[in-house]
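Shown next, in structure tokens, is the structure this report addresses.
Here is how names work: the chains are called A, B, and so on, in the same order as the sequence lines, proteins then strands, and each is numbered from 1.
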Protein chains: 2
Amino acid sequence: MKNAVTKTKPRAHSHSHQRQEMSALTGRLRQQARKITGPRAAILEILRQHPHPLTNKEIFAAMSGGQCNLATIYRAMHLLEEMGMVKRFDFGDGTARFELVGEGDDGHHHHLVCTRCAEVVEIEECFPSAIESRIAAANGFTSVTHKLEFFGICPECQ
Amino acid sequence: MKNAVTKTKPRAHSHSHQRQEMSALTGRLRQQARKITGPRAAILEILRQHPHPLTNKEIFAAMSGGQCNLATIYRAMHLLEEMGMVKRFDFGDGTARFELVGEGDDGHHHHLVCTRCAEVVEIEECFPSAIESRIAAANGFTSVTHKLEFFGICPECQ
DNA sequence: ATTAAGATGCAAACGATTTGCATTTAAAAT
DNA sequence: ATTTTAAATGCAAATCGTTTGCATCTTAAT
């Protein structure tokens, strides 16, 4: 059951944003017989340190001496996404953003994005699953999920 | 004037999808001192006849003899969007889709998209505004809106 | 009919992303 | 430790949706 609205713990977000151990991350790669390479380690390290979705370019820029090719980051993000280690988000600006996902977590959550300064806040609430189920049933669809993002003007930009 | 809600025929959605008169559409252009050109008339005519979001390419393809340039469609959609005559939707595939919006309507609604065959169903439900307000307030944001789309497998594709 | 703002066509430019291919490398096998 | 090989990377070129510069046309007002 979801506790989006009734939560009591004073956490900013419940979807496992506590930093994962690097060893846990590389371990997941190993389990899938993927190599732990310099570029991948760098990417994971950067993702670990960022609580919000990053674009491939931002990840690239975050690397000290451009120690890896941008194409490599694109490829790595596809791999990590397939493995369920990162989740892709779409803020509607034509640029994909990625966030590290906790093991066992599906990473499903939403954001509130400032349309002026692009500040991002993670959002607890989710579309009510009861309504989603009704929508699915009413239309005969199965495996229904949703993408939901909020946009507005942040305090600083008002 | 709009008669969106007072129709008697069994309709799937209430958000003014009844075809607008062509004259009403061209009138709105005239009011803004925009010219009624062949390409624009063709675009509006195509949009009128389609209940679901169309990509620019689809609009282009729907024109009998490619009577206008694709760039013209892109430009027209920007204009129509600014004028509030069409609404842009993003299904996350990197291609914008547009739907005609009824006069006075803001076109805000959502879709349920089949991830296999791309069938699209218009959805009535919206994210609860009370929750949205709470999200806005909790984070000090103003002018908060949202983008929400549902994805699943349609009856035929199951 | 004249005219000027607005539109269009065309091709080039763009930005995000993908891909082909030769080269490198992690990690398994010896 | 060395060999081996599948996997990964770098680089450049290719794609795809979209935008834009510019010369030419056209709507709609005069």
- Message: Quick test of your reading of the model: are B:Glu149 and A:Lys147 salt-bridged, counting only N-O distances below 4.0 Å?
- Response: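 Salt bridge between B:Glu149 and A:Lys147, a charged N being under 4.0 Å from a carboxylate O: no.
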Would you indicate, yes or no, if [N] has its OP1 or OP2 atom less than 4.0 angstrom from a side-chain nitrogen or oxygen of [X]?
| X | N | value |
| --- | --- | --- |
| A:Asn69 | D:dT9 | no |
| A:Tyr74 | C:dT17 | yes |
| B:Lys57 | D:dG17 | yes |
| A:Thr37 | D:dT9 | yes |
| B:Arg34 | C:dA7 | yes |

Send over the distance from [X] [atom1] to [N] [atom2], rounded to a whole Å.
| X | N | atom1 | atom2 | result |
| --- | --- | --- | --- | --- |
| B:Ile73 | C:dC10 | CD1 | P | 13 Å |
| B:Gln31 | D:dA29 | CD | C1' | 18 Å |
| B:Phe98 | D:dG17 | CZ | P | 13 Å |
| B:Met77 | D:dT19 | CE | C1' | 16 Å |
| B:Leu29 | D:dA28 | CG | C1' | 14 Å |
| A:Arg75 | C:dT18 | CZ | C1' | 9 Å |
| B:Arg30 | C:dG6 | CZ | P | 16 Å |
| B:Ile36 | C:dG6 | CD1 | P | 14 Å |

- Message: Angle between ring planes, B:His108 versus B:His146, binned at 30° and 60°: parallel, tilted or perpendicular?
- Response: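 Perpendicular.
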- For A:Glu124 and A:His109, test the side chains for any donor-to-acceptor distance below 3.5 angstrom and give the result as yes or no.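 Checked: A:Glu124/A:His109 side chains show no N/O donor-acceptor pair below 3.5 Å.
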- Query: How about A:Glu125 and A:His110: do any of their side-chain heavy atoms sit closer than 4.5 Å?
  - Reply: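 The answer is no; the side chains never approach within 4.5 Å.
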- Minimum side-chain heavy-atom gap B:Leu100-B:Gln20 below 4.5 Å: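 Yes, their side chains come closer than 4.5 Å.
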- Item | B:His78 side chain, from C-beta outward: closest of D:dT18, D:dT19, D:dT9 |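 For B:His78, the side-chain atoms sit closest to D:dT19.
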- Message: As a test of reading the structure: which of D:dT18, C:dG9, D:dG10 is closest to the side chain of B:Leu70, going by heavy atoms?
- Response: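 Given the options D:dT18, C:dG9, D:dG10, the side chain of B:Leu70 is closest to D:dT18.
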- Task: By nearest nucleotide on DNA chain C, pick out whichever of B:Ala33 and A:Asn56 is the more 5' one.
- Result: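 Going by which nucleotide is closer to the 5' end, it is B:Ala33.
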- Message: Please classify the nucleic acid contact of B:Ala76 as base, sugar-phosphate, or nothing, using heavy-atom distances under 4.0 Å.
- Response: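 Nothing, no nucleic acid heavy atom in range.
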- Just checking B:Gln67: base, sugar-phosphate only, or nothing, at a heavy-atom cut-off of under 4.0 Å?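 Contact class for B:Gln67: sugar-phosphate only.
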- DNA chain D: 5'-proximal contact among A:Ala71 and B:Lys35 (nearest heavy atom):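 With A:Ala71 and B:Lys35 compared, the 5'-side residue is A:Ala71.
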